[in-house]
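Residue numbers run from 1 in the order of the sequence given.
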Amino acid sequence: MTLGYTFWINALGSLGAALLLFAYWLVSKGKIEGASRSYQLLNVFGSVILVAYALLIQAWPSMVLNIVWTFIGLAMLRQIAAKRRAEKA
């Protein structure tokens with residue numbers, strides 16, 4: 001039995017969703033902080049994957065949401081990096 005195109009598309013979407021849920025679970029359990037690099041990276045990777053998934057299934061509202069989610073995560077990563085540089089100076 002071969003795995004078809006639909007299987008891989010759904011696997012991609014599931015991976016993206018799992019990353020976002022895992023990030024939320026870690027914050028909710030107090031394992032990481034919401035403003036941490038780890039949390040933001042999980043969000044960025046998860047949302048980028050979901051952008052690709054939404055594009056493949058032509059779910060435009062979901063794609064727009066995840067594009068915005070990606071840019072928020074990237075902005076936070078930039079802020080975190082700037083704060084680290086300022087602390088080292």
Side-chain angles (χ1 to χ4, degrees):
M1 180 170 99
T2 61
L3 300 177
Y5 181 69
T6 303
F7 171 84
W8 292 110
I9 290 174
N10 288 327
L12 182 70
S14 297
L15 174 62
L19 287 172
L20 293 181
L21 288 171
F22 182 60
Y24 181 67
W25 180 80
L26 288 171
V27 167
S28 297
K29 295 296 278 182
K31 304 287 185 186
I32 59 175
E33 295 292 323
S36 70
R37 185 171 180 256
S38 300
Y39 179 71
Q40 298 306 325
L41 284 171
L42 285 168
N43 275 299
V44 167
F45 286 126
S47 59
V48 165
I49 291 169
L50 286 174
V51 166
Y53 173 71
L55 180 64
L56 289 168
I57 66 166
Q58 299 181 347
W60 310 124
S62 179
M63 188 176 80
V64 170
L65 169 71
N66 283 289
I67 288 170
V68 171
W69 197 294
T70 299
F71 280 110
I72 292 169
L74 290 171
M76 288 302 300
L77 286 168
R78 184 175 174 173
Q79 184 178 342
I80 291 166
K83 184 178 176 183
R84 285 185 177 181
R85 281 192 302 272
E87 289 172 352
K88 288 183 180 181

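- The line from CD1 of Ile67 to CD1 of Ile72 is 12.0 Å long, rounded to the nearest 0.5 Å.
- Hydrophobic clustering (ILVMFWY, side-chain heavy atoms < 4.5 Å, transitive): Met63 and Val68 are in distinct clusters.
- No continuous path of hydrophobic side-chain contacts links Ile80 to Leu41 [ILVMFWY only; heavy atoms under 4.5 Å].
- For the side-chain hydrogen bond (donor to acceptor under 3.5 Å, both in side chains) condition, no pair includes a residue of residues 78-89, sequence neighbours left out.
- No chain of hydrophobic side-chain contacts below 4.5 Å, direct or via other Ile, Leu, Val, Met, Phe, Trp or Tyr residues, connects Met76 to Phe22.
- The hydrophobic clustering, which links ILVMFWY residues whose side-chain heavy atoms are closer than 4.5 Å, places Val27 and Leu21 apart.
- Residue Asn10 holds its CG atom at 10.5 Å from OH of Tyr5, rounded to the nearest 0.5 Å.
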For residues 45-57, run the donor-acceptor check on the side chains, cut-off 3.5 Å, and write out each pair with its distance to 0.1 Å, sequence neighbours left out.
residue : atom : partner : partner atom : Å
Ser47   : OG   : Asn43   : O            : 2.8
Ser47   : OG   : Val44   : O            : 3.2
Ser47   : OG   : Thr70   : OG1          : 2.8

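- To the nearest 0.5 angstrom, Leu20 atom CG is 6.5 Å from Asn66 atom CG.
- Every pair tested for side-chain hydrogen bond (donor to acceptor under 3.5 Å, both in side chains) that includes a residue from residues 24-38 fails, sequence neighbours excluded, so the list is empty.
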